Amino acid sequence: MTVETVREVDTPHGPARVHSELAAEPRAALVLGHGAGGGVTARDLVAAAEAALERHVSAVLVEQPYRVAGRRSPPPAGQLDTAWRVVVEALRENELRDVPLLVGGRSSGARVACRTAGDVRAAGVLCLAFPLLPPARRSGTQPVSRLPELEAVDVPLLVVQGANDRFGIPPPARRRAVVVVPGDHSLRSAYVELGAAVGNWLAEVV
């Protein structure tokens, strides 16, 4: 049996909204953020949350303040990171008290989780559709890889990436597993494969 709650958390950039599904006797908690223009109902986030709950890991989906306010375009990275830190600390003090904390998200949300993993004392990071290379610029300037954001994470990290993701596929490394599944950046067509990858990773890190 799980307990579902929805509440808002005040941040310096407006309220964030937290959707929690808490396991009865949680072994850990997984906190996930959404992509830049999407929300917490994205198919890959739902699959990851279900995989967590199957392994007695509480699942929490976080809506950033700009999405709660009805905007689609994200603010600068610094604002996203600040709001995320505030939300995660609020969760630590309340519903996720005394359990190991894993963080992650899809696309932009995965980048936020990587950049702040040390600040929130995460025990692991889950990246769904990590946008390794930004879109090419019209000027022809070579896009700068975001691989350093992954390499800065010093806890177990799982990347689940679509085989045809237009943003590229990150390489595996020590403490960084990369699972390639059918589909593109949306990961819509890999519900089963994604859930299995997340479940297997949780079995290792929790």
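Just the heavy atoms: all of them, side chains too, but no hydrogens, waters or symmetry mates, feed the values below. One is the number of the first residue; the rest follow in order along the sequence. Since the structure is predicted, the reported quantities are computational estimates derived from the model, not experimental observations.
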Would you check, one step at a time, whether the test side chain to side chain contact (heavy atoms under 4.5 Å, CB included) holds for V6 with R17?
CA-CA 7 Å; V6 178; R17 188 174 294 129; 3.8 Å; yes
We want to know whether E63 and H34 form a side-chain donor-acceptor pair, criterion being a heavy-atom distance below 3.5 angstrom.
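There is no such pair (donor and acceptor under 3.5 Å, judged by atom type) between the side chains of E63 and H34.
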ILVMFWY cluster, [X] and [Y] together (side-chain gap under 4.5 Å):
{"X": "V57", "Y": "L158", "answer": "yes"}
{"X": "L32", "Y": "V112", "answer": "no"}
{"X": "V40", "Y": "V46", "answer": "no"}
{"X": "L53", "Y": "V198", "answer": "no"}
{"X": "W201", "Y": "L157", "answer": "no"}

Which distance, rounded to the nearest 0.5 Å, do you find between the [atom1] of [X] and the [atom2] of [Y]?
{"X": "R106", "Y": "L187", "atom1": "CZ", "atom2": "CG", "value": "6.0 Å"}
{"X": "R97", "Y": "L91", "atom1": "CZ", "atom2": "CG", "value": "11.5 Å"}
{"X": "L126", "Y": "L102", "atom1": "CG", "atom2": "CG", "value": "8.5 Å"}
{"X": "S73", "Y": "R67", "atom1": "OG", "atom2": "CZ", "value": "9.5 Å"}
{"X": "R85", "Y": "T11", "atom1": "CZ", "atom2": "OG1", "value": "12.0 Å"}
{"X": "H185", "Y": "Q161", "atom1": "NE2", "atom2": "CD", "value": "7.5 Å"}

Side chains of [X] and [Y]: closer than 4.5 Å at any heavy-atom pair?
{"X": "R176", "Y": "P171", "value": "yes"}
{"X": "L80", "Y": "S108", "value": "yes"}
{"X": "V31", "Y": "W84", "value": "yes"}
{"X": "T82", "Y": "T116", "value": "no"}

Is the number of heavy atoms from other residues, nucleotides or ligands within 6.0 Å of NE2 (H19) greater than 12?
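Correct, the count exceeds 12.
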Please determine whether the number of non-hydrogen atoms from other residues, nucleotides or ligands lying under 6.0 Å from atom CZ of R7 exceeds 12.
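Enclosed.
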Which atom pairs, donor and acceptor, lie under 3.5 Å between side-chain atoms of residues 147-154 and protein residues at least two apart or in another chain?
| residue | atom | partner | partner atom | Å |
| --- | --- | --- | --- | --- |
| E149 | OE1 | R111 | NE | 2.9 |
| E149 | OE2 | R111 | NE | 3.4 |
| E149 | OE2 | R111 | NH2 | 2.7 |

Could you go through the side chain to side chain contact (heavy atoms under 4.5 Å, CB included) check for L22 and E95 one step at a time?
CA-CA 8 Å; L22 307 178; E95 45 277 63; 3.8 Å; yes
